[in-house]
> 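One structure follows; several queries about it will come next.
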Amino acid sequence: MKIVDATVVVTSPGRNFVTLKIETDDGVSGLGDATLNGRELAVASYLRDHVVPLLIGTDPHRIEDTWQSLYRGAYWRRGPVTMAAIAAVDVALWDIKAKVASLPLYQLLGGASRERVRTYGHASGGSLPELFDAVRARIEQGYPAIRVQTGVPGLRRVYGVSGSPAVDPGLPAVEDWDTAAYLRHLPRVFEAVRAEFGPDLPLLHDAHHRLTPQQAARLGKELEPYDLFWLEDCTPAENQEGLRLVRRHTTTPLAIGEVFNTVFDYQTLVTEQLIDFVRSAVTHFGGVTPLKKLFDLAAPYQIRSAIHGPEDISPVGMAAAIHLDMAIHNFGIQEYAGYTDRTDEVFRRAFTFVDGHLHPGDTPGIGVELDEQAAAAHPYERSYLPVNRLLDGTVHDW
Ligand code: EZ4
Ligand code: CO
């Protein structure tokens with residue numbers, strides 16, 4: 001079997017998605033997600049201009065060898081653009097292998113370790129009544145766990161709350177930040193949410209890389225009475241050692257890793273058991289192959305999976321995630337934001353979302369087909385993630 005063609009499809013059915021399609025001389029094809037939010041065309045070029053020529057004529061069954069040759073052979077290692085491109089190749093090859101085997105991918109990864117995949121959804125509100133309504137809406141949709149994000153008094157636009165539109169379409173929106181105001185406000189919000197919804201509902205929160213270790217330690221301690229499922233990305237964790245201080249001072253569970261792209265980003269965090277959940281996406285971590293290895297490394301440290309699943313992971317990347325979630329033993333939870341009808345018209349998917357739980361379906365492969373005609377009707381639209389500024393105008397982590 002040989003790879004005879006590989007094409008990159010950029011489509012924007014409401015938001016941009018980058019998809020790699022690999023075709024073989026047997027007529028079997030596979031899909032991989034290469035979407036890097038706000039930098040989509042860089043990955044499309046990395047694939048089209050540099051990776052596709054290397055794939056033509058090679059054996060699609062040699063997944064490990066292809067992964068190693070793309071990672072080591074480029075000499076320039078790591079980084080989100082490189083690893084998203086490698087991820088797309090890796091997932092497309094797993095899709096092909098599973099189709100050839102006539103099995104859903106999770107069967108090749110060890111088979112089902114559970115009946116279905118537990119998820120969490122997002123609720124946010126500028127005020128408490130808005131937030132309560134959003135939590136109620138998620139409960140009604142069946143979500144068994146809910147991430148709570150809130151506005152902060154005195155700040156106009158904050159991460160995770162409402163659309164925060166850009167002043168100039170096609171350029172980044174500007175959001176506001178004041179760490180002291182946030183630290184004063186957040187424990188009161190969780191106190192109110194617990195009082196409203198009771199002790200049983202698993203609640204999560206994402207601090208989105210904004211705190212110092214000292215601030216994160218204090219916040220974790222102050223949130224302990226409200227029994228969070230996790231506090232996510234409390235510090236910019238490129239400085240892995242910073243988590244030692246956080247860990248010493250709080251038992252609030254910690255989740256980190258959506259911006260990480262190799263196992264080396266996690267080395268200290270995992271081997272010193274400084275976190276409880278690893279958050280990498282299949283799409284940004286180089287694919288199913290390395291993410292499975294990370295989960296296996298994390299397992300003896302009692303660290304569980306929590307694959308990143310916001311709107312900017314395409315249904316292709318999400319499907320690959322759900323197959324992994326089914327198969328690994330140390331599964332924790334899967335983030336699931338859902339997709340619009342327009343996206344579902346472009347990406348036809350076998351995976352299902354019922355009562356707040358995902359199942360990958362039993363279609364051979366990853367179970368997603370790309371409708372290329374529908375994709376072509378939604379051309380790329382330049383878009384950026386917001387930029388975050390303190391009240392005096394200083395840029396802060398977003
Ligand atoms: O901000 O995916 O946990 N989820 C998140 C996401 C990220 C976006 C960035 O592209 O933090 O909402
Ligand atoms: Co996050």
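Quick note: residue numbers are just sequence positions, from 1. Computed from heavy atoms alone, side chains included, the values below leave out hydrogens, waters and symmetry copies. Whatever order the structure lists ligands and atoms in, that order sets their numbers, starting from 1.
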> Would Arg279 and Glu232 pass as an ion pair if we require N to O under 4.0 Å?
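Salt bridge present between Arg279 and Glu232.
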> List, for ligand 1, each N/O atom that has a protein N/O partner under 3.5 Å away, with both atom names and the distance.
| unit_1 | atom_1 | unit_2 | atom_2 | d |
| --- | --- | --- | --- | --- |
| ligand 1 | 1 (O) | His208 | NE2 | 2.8 |
| ligand 1 | 2 (O) | Asp312 | OD1 | 2.8 |
| ligand 1 | 2 (O) | Asp312 | OD2 | 3.1 |
| ligand 1 | 3 (O) | Asp206 | OD2 | 3.2 |
| ligand 1 | 3 (O) | Glu232 | OE2 | 3.0 |
| ligand 1 | 3 (O) | Glu258 | OE1 | 2.9 |
| ligand 1 | 3 (O) | Arg279 | NH1 | 3.3 |
| ligand 1 | 3 (O) | Glu335 | OE2 | 3.4 |
| ligand 1 | 4 (N) | Glu258 | OE1 | 3.3 |
| ligand 1 | 4 (N) | His308 | NE2 | 3.1 |
| ligand 1 | 4 (N) | Glu335 | OE2 | 3.4 |
| ligand 1 | 10 (O) | Asn37 | ND2 | 2.9 |
| ligand 1 | 10 (O) | Asp312 | OD1 | 3.4 |
| ligand 1 | 10 (O) | Asp312 | OD2 | 3.0 |
| ligand 1 | 11 (O) | Tyr159 | OH | 3.0 |
| ligand 1 | 11 (O) | Asp206 | OD2 | 3.0 |
| ligand 1 | 11 (O) | His208 | NE2 | 2.9 |
| ligand 1 | 11 (O) | Glu258 | OE1 | 3.0 |
| ligand 1 | 11 (O) | Glu258 | OE2 | 2.7 |
| ligand 1 | 12 (O) | Tyr159 | OH | 2.9 |

> According to the ring-ring contact (aromatic ring centres under 6.0 Å, His included) rule, which pairs have a member within residues 2-45, sequence neighbours left out?
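Listed by first then second residue: Phe17-Phe347.
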> Testing Glu258, His284, Gln334 one by one against His308 for a side-chain hydrogen bond (donor to acceptor under 3.5 Å, both in side chains), which residue passes?
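Testing each of Glu258, His284, Gln334 against His308, the sole residue satisfying side-chain hydrogen bond (donor to acceptor under 3.5 Å, both in side chains) is Glu258.
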> Quick check against the 3.5 Å criterion: does Asp206 have a side-chain atom that pairs as donor or acceptor with the backbone of His208?
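Between the backbone of His208 and the side chain of Asp206 there is a qualifying donor-acceptor contact (under 3.5 Å).
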> Once ring-ring contact (aromatic ring centres under 6.0 Å, His included) is applied, what residue pairs with a partner in residues 75-97 remain, sequence neighbours excluded?
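Listed once each, the pairs would be none.
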> Would the distance check show the side chain of Asp265 and the main-chain N or O of Asn261 forming a donor-acceptor pair, the cut-off being under 3.5 Å?
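Looks like yes, one N/O pair under 3.5 Å.
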> Name the residue from Arg348, Lys99, Arg349 that meets the salt bridge (Lys or Arg N to Asp or Glu O under 4.0 Å) definition with Glu369.
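Result: among Arg348, Lys99, Arg349, Lys99 is the only option passing the salt bridge (Lys or Arg N to Asp or Glu O under 4.0 Å) with Glu369.
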> For the ring pair (Phe, Tyr, Trp, His ring centres under 6.0 Å) test, which of Tyr336, Tyr143, Trp230 pairs with Tyr120?
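For Tyr120, the ring pair (Phe, Tyr, Trp, His ring centres under 6.0 Å) test succeeds with only one of Tyr336, Tyr143, Trp230, which is Trp230.
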> Any donor and acceptor pair, going by atom type alone, linking the side chain of Asp33 with main-chain N or O of Ser314 inside 3.5 Å?
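Pair found, side chain donor or acceptor close to backbone of Ser314.
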> For the Co ion (ligand 2), check which protein N, O or S atoms are under 2.8 Å away and list them.
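For the Co ion (ligand 2), the protein N, O and S atoms that sit under 2.8 Å away are Asp206 OD2, Glu232 OE2, Glu258 OE1.
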